Peer 1: 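Here it is: the structure, laid out below.
Residue numbers begin at 1 in each chain, while the letters A, B, ... track the order of the sequences. Here the structure is a predicted model, which is why all the values come from computation and not from measurement.
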Amino acid sequence: MTKETQESQEADPQYPFRSEKLLPRKERVERFLQTLQDVLGAKIYNLPLETYLGTCAKCNNCAEQCQVYQTSRDQRDLPAWRSDLLRKVYKKYFTTSGKVFGKLVGAKALTEDDIDNMVDAFYRCNMCRRCGVNCPLAVDNALITRVGRVILERLGFVPTNMTVSTRAQLGEVGNTSAIPRAAFIDTLDFLEEELRDETGIAIPIPRDVEGAEFFFAAPVSDYIMEADTLLGIAKTFYAAGASWTVSMENFDAINYGLFYSDADLERVLNRLLEAANSLQCRTIVIGECGHATKVGLLFQKVYGRPEYHDYSQAGS
Amino acid sequence: MTGSEFIARVFPYIAVGFFLLGTGWRFAHWLSLPAHVKWTLYPVPEGIPGQLKYMVKEMFTFETLYKFNRRLWIGSFAMHVAMAGSVLFFILYLSGWSTKFMVQVCLCVIVTASIYIIGLRICDKNLRALSNFEEFFNLAFLAGVAASGFAASVPPIPLSFRLYFLGLMEFRPNVSFLSTVHLLAVFLGGLFLIYLPWSKMIHYISKYFTYHHINWQKE
């Protein structure tokens, strides 16, 4: 094994939980710029990226709303400062003013150290989007953070716990906690018993019902740790007389792709949509968990759009 | 044609043309971008009346800045109100109203507020970390334009300076009486108009997209 290959397979000691299969250091700048070009070329993010990156007034209003900055008081947690890491690169390579005037307009040539700073900064943000709510110019720094993370993922900088979970979800077991099918069946049987004991009514949790009106999926934790939510949903469906079902193959709505990767987001979302289609369900209902619901709402319309697929496949 | 004549006779038309074209191009460009990922940010004001209410309140009070960044709000609000005021009162002045003094007050406020914000960006460590040359240049440029405008009005603007602008609107500018100070004001003002659509100060139209097309997108 060459030294370079070895390096590419090791985690960055500085970020052991945010890196896997790292690209060799000297190749990172080129890959970063190529991926940023892919993202811009895909046209999905063009409007928000152009307006967010091009018009931020640096008023620092965002800092007063950011709970991370309010706690740390660390300059690296200023939302506008963090976004500026990507803004400088965008200006340098993708705007005429940046190419011509360089530092005068805040443009900066990308270095490997800049990428290190981004790994740190983009994962200090929790993407809550609170800073965008009261921005006078409606700049949402969370989108910039997300795009930054999507690019970093192509370099190998990605939270290991998320990729491990996503691999399990996209694999045979079909869920992020790798719950075997038999255990899942046992869990649902147990929850049905709980419902019967509590209400005295045989409230079912239907499984793989073809043609059901509602296809229900919840984050896996709702089935095994926070069952009260699921029990409430089962009661609601029962009281409404609704036809619903849980898929035995795809019951986990978690989509960690939201936090680091467009490609994985699309794979997980497609899997869910295909499961609903195969059972011929008309409506997907996603249980309690903001991110899973948001993925469906925010990205479902992108699903199937050619430029999105072009981007997902670029550089892979 | 001498340089002075070019500045007085031709440059204002070029500046206004570039301003309108630049603003129009950027508006059309953003409008033409394909439907992007839905990136709605709640809470979304209810319906068009709710959105208008929010925007009007924000535009006339800078409420978000007022709530979270009071020191910057003082300068920013004063500067923007003075910019709008100077344009409004100047139009009234050209229409024959006696609003010269109000124009002068507004120009003074612009200069003062710009210098105040520059100072804030230097003294506040977070704002300093966020600011680069462009931020300071934009403020200094604006202050320079306002200062030159004020200088052109002192001693009192002669009636003929009003006639110069009226002549411009009729495409028959009489420039024989313009002084160097007047020419400087026209030149800097024109450069600012050309620069405006290509700078980050384009937020006078970008806000429409960031609010209505992105954050408040429901479909």
Peer 1: Anything in residues 125-142 of chain B with a heavy-atom distance to chain A below 4.5 Å? Please list those residues in order.
Peer 2: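 When heavy atoms of chain A are the reference, residues 125-142 of chain B contributes B/Lys125, B/Asn126, B/Leu127, B/Ala129, B/Leu130, B/Asn132, B/Phe133, B/Glu134, B/Glu135 within the under-4.5 Å range.
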Peer 1: Where along residues 57-76 of chain B does a heavy atom come under 4.5 Å of chain A, listed by residue number?
Peer 2: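 Near chain A, by residue number: B/Glu58, B/Thr64, B/Leu65, B/Phe68, B/Asn69, B/Leu72.
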Peer 1: Does a side-chain N-to-carboxylate-O contact under 4.0 Å join A/Asp262 and A/Arg146?
Peer 2: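 Looking at A/Asp262 and A/Arg146, the cut-off is met.
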Peer 1: Determine the interplanar angle of the B/Tyr54 and B/Trp216 rings, folded into 0 to 90°, and report it as parallel if under 30°, tilted if 30 to 60°, perpendicular if over 60°.
Peer 2: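 Ring orientation of B/Tyr54 relative to B/Trp216: perpendicular.
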Peer 1: Describe, in one word, how the ring planes of B/Trp30 and B/Phe209 are oriented to each other, choosing from parallel (under 30°), tilted (30 to 60°) and perpendicular (over 60°).
Peer 2: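 Perpendicular: the ring planes of B/Trp30 and B/Phe209 meet at over 60°.
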Peer 1: Ring centroid separation for B/Phe165 and B/Tyr93, is it under 6.0 angstrom?
Peer 2: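 No, the ring centres sit 6.0 Å or more apart.
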Peer 1: For B/Arg26, is it the side chain, the backbone, both or neither that has a heavy atom under 4.5 Å from a heavy atom of chain A?
Peer 2: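 The answer is neither part of B/Arg26.
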Peer 1: Of all the residues in residues 67-84 of chain A, which have a heavy atom that comes within less than 4.5 Å of a heavy atom in chain B?
Peer 2: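 Expected list: A/Tyr69, A/Gln75, A/Leu78, A/Ala80, A/Trp81, A/Asp84.
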Peer 1: For chain A, which residues from residues 183-199 of chain B have at least one heavy atom closer than 4.5 Å to it?
Peer 2: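 Expected list: none.
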Peer 1: Checking A/Arg129 against B/Trp39: charged group under 6.0 Å from the ring centre and within 45 degrees of the axis?
Peer 2: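 Verdict for B/Trp39: a cation-pi partner in A/Arg129.
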Peer 1: Consider only side-chain N and O atoms of A/Ser261 and A/Tyr256, and report whether a donor and an acceptor are under 3.5 Å apart.
Peer 2: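 There is no such pair between these side chains.
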Peer 1: Do the side-chain N and O atoms of A/Asp38 and A/Thr35 include a donor-acceptor pair separated by under 3.5 angstrom?
Peer 2: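 The criterion, which ignores hydrogens and geometry beyond distance, is not satisfied for A/Thr35 and A/Asp38.
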